[in-house]
Amino acid sequence: MAKVLLFGRLADVAGWRDAEIEATSLHALRDTLTATDSALGEALAGPGVQAAVDKVIVRGDAPLTATSEVAFLPPMSGG
Amino acid sequence: MAKVLLFGRLADVAGWRDAEIEATSLHALRDTLTATDSALGEALAGPGVQAAVDKVIVRGDAPLTATSEVAFLPPMSGG
Amino acid sequence: MSVQLQSEPFEPGGLLTAFAAGRTETGAVASFTGIARAEAGATTTLELEAYPGFTDAEIARIGAAAAERWGLQGWLVVHRVGKIAPGEPVVFVATASRHRREAFEACDHLMDYLKSRAPFWKKEHGPDGDRWIEPTDRDRTDAQRWET
Amino acid sequence: MSVQLQSEPFEPGGLLTAFAAGRTETGAVASFTGIARAEAGATTTLELEAYPGFTDAEIARIGAAAAERWGLQGWLVVHRVGKIAPGEPVVFVATASRHRREAFEACDHLMDYLKSRAPFWKKEHGPDGDRWIEPTDRDRTDAQRWET
């Protein structure tokens, strides 16, 4: 059960900001999210959206454990 | 009797900061100061030394009245 | 050498006083205060979202790099998160160095980073509803000045 | 839009608070505080001489030109005169504008002017006696950046 966090407009698209979701890898997590909510799946695949695992940006796939925290980050706008 | 003000190192050279001196023009005033104190005369003629009459920089000669204020300004150093 | 994200309003003068205190070998303190503009009556409220533990770590990394590049004696970033009313300060940056050029450039650089690329997500609540804000072209141009 | 020459110490944070207060259409406030450095134990005292009525008028003229050039919403220069102890603030400049680039550039410009060409005469009282200080080459170079 990875902890999943959505930021910015991703949370608006999904209707939630954090959830516990079963997944053993980042790719598997994306597949699960897309299967559950195609609009969110599309938003996650959009330009400039990044994923962080345990607060480190990850490109490509990564294994997840029960204590992993995964954050999906839309393009950062600055403050 | 023009009021004469010396700034920065000019006052150190002369040993005074302000004085009342009889002069009808800036040139005449410079001549009087140089005749009285040749070291001051030399300092006043040094590079970058400017004169202001009634707080306006004057290049060349200018008439002086009894209420004129003449300031001799060494190169400005900034604060 | 500090980053502070906070939802409460802050007072820039008090931050400057504390930052500048007791610096006998510092010749220069530059500061910048960014304020939420009222935009002439279009009563919008700014909302900033951060990722705690990630946003502050990224800003600290950029701050440390700036301190190294410009030889800073100190730096401070205080940034609001959450809803911010018009007229309230959003961000305060201060930098300290021996000479003024370094303090100015580092402060300017940190602000360009904070406004264009720092991990915040920005929403405007206005009379016509909410909208997410993307960085402006000028923000990108300003930030690129430092990439040489 | 104000120049203040004073022989008493001042507190930069209080000046920034007053300057930034009530600015609903200002997005950016830049400030700079110049501090007399202790120079690692060489206990020198800085002494600044101004020509009252001339020095402040010249600074006001440069401030007004900067306000025009960068579209400032406000600016403030506070400058010490007389003897200044190590660690004490010498100069405070603040600028306000809608966007940050203008506030930064105007503040930077005013400081370059104040440090290199403003009508002050500067003396250092040190362990080896007194000496008059002339502008440094770097001051001249910094000031020349604005002449294009």
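Letters A, B, ... are given to chains in the order of the sequence lines, protein chains preceding strands, and every chain is numbered from 1. These values consider heavy atoms only, across backbone and side chains, with no hydrogens, waters or symmetry-generated copies.
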Distance (rounded to the nearest 0.5 Å) between [X] [atom1] and [Y] [atom2]:
| X | Y | atom1 | atom2 | answer |
| --- | --- | --- | --- | --- |
| W121(D) | L10(B) | CH2 | CG | 9.0 Å |
| R9(B) | I133(D) | CZ | CD1 | 12.5 Å |
| E49(D) | S77(B) | CD | OG | 9.5 Å |
| E69(B) | Y51(D) | CD | OH | 3.5 Å |

Under 4.5 Å to a heavy atom of chain B? For L114(D) that would be backbone
Applying a strict 4.5 Å limit to non-hydrogen atoms, the region of A57(D) in contact with chain B is neither
Should we count CD of E68(D) as having more than 12 external heavy atoms under 6.0 Å? no
Heavy-atom neighbours of Q6(D) CD exceed 12 at 6.0 Å:
yes
Residues R117(D) and M76(B): closest non-hydrogen pair is O-CB, 3.9 Å
